[in-house]
Amino acid sequence: MLVKRPPLFLYVTLAVSVGYFISAIGLGAPVSESGLTPSFFPILVGGAAIVFSSILILQKIRTEPKEPGASGPRNFTHLWVVLAIFIYIIAFKPAGYFISSGIFVFVLVVLFSSFEKLLQKAVISVAIVVIAYVMFQQLFGVRLPTLWG
Amino acid sequence: MDFILLVISSSTLLLDPLNLTYVVMGFVIGTIFAAIPGLTATLAMALLLPVTYTLSVETALMASASIYMAGMCGGSITAVTINIPGAPSSMMTALDGYPMQQKGKGALALGHAALGSMFGGALGALLLIAVAPFVAEVSLLVKTTGKFSLLAFAIVVVVIAQRGRIPQAGLAACIGLMLATIGLDAMEPITRFTYGYSNLTAGIDLMPVIIGTFAIAEVLIQASSTNDIAAATAAAEKVRIRRRDFLPPLSEIRKIGFVCYLKSSLIGYFVGTLPGAGGSMGSFLAYTEAVRTSSEPETFGKGNPKGIAASESANNAVCGGAMVPMLTFGIPGDPITAIMLGVLVINGIQPGPQLMSDQAGLIAPMLATLLFSAVVLIPLTLYLIGPYFIRIVSVRKDVLYAVITILAVVGSYVSTYSTFQMFMALGMGVLAFHLRRNGFPVITMLLGYILGPNLEEFLRRSLALSNGDPTTFLTNPDSLFFVLLTLVFIYFLVIKKPGKKLAAVPPN
């Protein structure tokens, strides 16, 4: 018998809900003589989250599994985008706005298109970075980090 | 009456070149974002949020209002011309708009859409201006227990309004509430869920939540998408629209009838006042009503302009309706009003009953802009640049998403000049991406996050005032009213269940 496996995301939400609930209990008794304590509401919310997560996991297990191969082609570009953003944030202050943003935008343009016409894409990336700089720094007065000074 | 006069007098702010530039730019950007399938006016608003730090509150709210109005009507451009609604609220417009396009009357369909949007947007704004002060006065009667029941009502309604995915909506609301509890407790000097990390002591800032939820998550969704947009681009390039074709003849407007515009706008307005209902529900109900009362229902779905008029009048009237609970109770009706709420909060303004009496001067220009956008900008924008709008679909997606990403990530740095907020925005983006991909409505998470702190505070205060007696929520008339209202909504939306047609409406 085929049993549909719920998405990993649901197990993660259940685990986070349980962790939150345990942390909430760790805040102390939910009710004291003076009334509700800071732990009452989080215990309530954490409990509700566990219930909803469990319902969703059970629902997924009970639903009919899809035919093998029914799902469409998978695309992992979003993982590269997340990684690019993560590295960009780390490099943002040490490398300064221009260097970090220039490389970041170029990588994004390539990720959303293809590994062709790289020179044209590099020029577009520089233009985007300069326009964004003018917008943030000159127009809205936001101080962006620079490599020197 | 004083408030109406204030709105009229604040219209002069639109004559200020800076304000007018932001309003017009907001409208054009909102239209462009709404027209491009995959992008939304909500995303445009999220990207605007960091900019509001450098603008006056009035200007920021005025720009937000014009984006909101543009977002509701902009989706009709691609709905009519290539049968791909740019925004969920324009889904019903495509039913009759695209058949008209196939008959060579696409421009006329867009003209009808603009006229309906203009009527609905204007009526919704006028009703808002007329009604909001009274609602604000009534809301002053709602005391602590009533406020808790009202907030609980809002969260329950937004969860049960997510037809067919209530457990997902419930879990998303819980995630939002969990996020809201991080940081210093509102009533006692205790930090919660910070795990010794000092950056979390003040809680999670609204800015990264909004930017992550609407901008970064959208970029990730598009990055993971395998949809081929080449077909849409090719279809868009074939469409040719002339300016003179936009004007609907008077005979067709008469055939649609004033009653259709009025009824659809009123439906949209009242749907807008409900948390989480949104433009798609408003346009669906108005369209269904137009079909029901029509003498020739068989013509709907085959290019009847009345269907376009009903749908567009309703979704633009939603703008006015959704602002009533946002301004008077601090409860956003949809994602855009949630971001508008963010604009207020970022500027240190607490929405609620006192806002309309103490700081009406800040709100009045926004309402004047809403009316201005509906009456002036919708027809003007369509007439002047309408023939070129369809080309928007052909814009290079690699450049577009790179621009959106850098604006979103750098924008989240603006509030505190700290990379911590950038990481928070990324984290929220990844969370919202997974929520959306697994069918969770992110609006319920956002509403939980926004309303969570007040919900908890009013719950604790109510029980402290009643010495821990929970029956206080049933013995106080204001609270009892909202408890009964919640039960009525549960009965109609969960127990009795709406018709199959309503259940088929896609959520916003």
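Basis for what follows: all heavy atoms, side chains included, without hydrogens, waters or symmetry-related copies.
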Nearest heavy-atom approach of A/Y97 to B/V410 is CE1-CG2, 4.2 Å

Can you tell which of B/I166, B/L435, B/I221 has the highest number of heavy-atom pairs within less than 4.5 Å of chain A? B/L435

Based on non-hydrogen pairs under 4.5 Å, which of A/S53, A/S39, A/A132 is most in contact with chain B? A/S53

Is there a side-chain contact between A/P145 and B/Y413 in this structure, where contact means two heavy atoms from C-beta onward sitting under 4.5 Å apart? yes

Nearest 0.5 Å please: distance from the CZ atom of A/F41 over to the CE atom of B/M178. 11.0 Å

B/F440 and A/F9 aromatic centres sub-6.0 Å: yes

Scored by heavy-atom pairs under 4.5 Å with chain A, the best of B/I406, B/N467, B/L177, B/I175 is B/I406

Heavy-atom pairs under 4.5 Å with chain B - which of A/L56, A/T13, A/L10, A/L108 has more of them than the others? A/L56

Just so I understand: if I count every heavy-atom pair under 4.5 Å between each of A/L44, A/I85, A/V51, A/I55 and chain B, which residue has the most? A/I85

Would you mind writing out the side-chain donor-acceptor pairs for residues 20-27 of chain A within the sub-3.5 Å range, not counting sequence neighbours?
residue : atom : partner : partner atom : Å
A/Y20   : OH   : B/T181  : OG1          : 2.6
A/S23   : OG   : A/G19   : O            : 3.0
A/S23   : OG   : B/Y195  : OH           : 2.9

Distance from A/I90 atom CD1 to B/M422 atom CE, nearest 0.5 Å? 11.0 Å

Applying a strict 4.5 Å limit to non-hydrogen atoms, the region of B/E188 in contact with chain A is side chain

Begin with the C-alpha distance, continue with both residues' side-chain angles, and end with the deciding distance and a verdict on ring-ring contact (aromatic ring centres under 6.0 Å, His included) for B/F423 and A/F86. CA-CA 7 Å; B/F423 280 117; A/F86 187 82; 5.4 Å; yes

Cation-pi geometry met for A/R143 and B/Y417 (6.0 Å, 45°): yes

I'd like to know which of A/V31, A/V16, A/T37 tops the heavy-atom pair count under 4.5 Å against chain B. A/T37

Non-hydrogen atoms of chain A under 4.5 Å away: do they reach the side chain of B/L407, the backbone, both or neither? both

Answer whether the closest heavy-atom distance between the side chains of A/Y88 and B/T405 falls below 4.5 Å. no

d(B/D398 CG, A/I124 CD1) to nearest 0.5 Å is 6.5 Å

Tell me, for B/V399 versus chain A, whether the close heavy atoms (under 4.5 Å) come from the side chain, the backbone, both or neither. both

B/T191, part contacting chain A, at a heavy-atom distance under 4.5 Å: backbone

Could you walk me through whether B/R437 and A/H78 pass the side-chain contact (heavy atoms from CB on, under 4.5 Å) check? CA-CA 12 Å; B/R437 216 159 74 147; A/H78 60 286; 3.8 Å; yes

In terms of heavy-atom contacts, A/F52 and B/C174 come closest through CD1-SG, 3.9 Å

Under 4.5 Å, counting heavy-atom pairs only, tell me which of A/A49, A/G35, A/P38 racks up the most with chain B. A/P38

Among A/F40, A/F92, A/W80, A/F104, single out the residue with the greatest number of heavy-atom pairs under 4.5 Å to chain B. A/F92

Toward chain A, the part of B/M187 with a non-hydrogen atom under 4.5 Å: neither

Which region of B/L463, side chain (C-beta onward) or backbone (N, CA, C, O), has a non-hydrogen atom less than 4.5 Å from a non-hydrogen atom of chain A, or is it both or neither? side chain

Using non-hydrogen atoms and a 4.5 Å limit, figure out which bit of B/I190 sits close to chain A: side chain, backbone, both or neither. side chain

Is any side-chain heavy atom of B/E456 closer than 4.5 Å to one of A/P42? yes

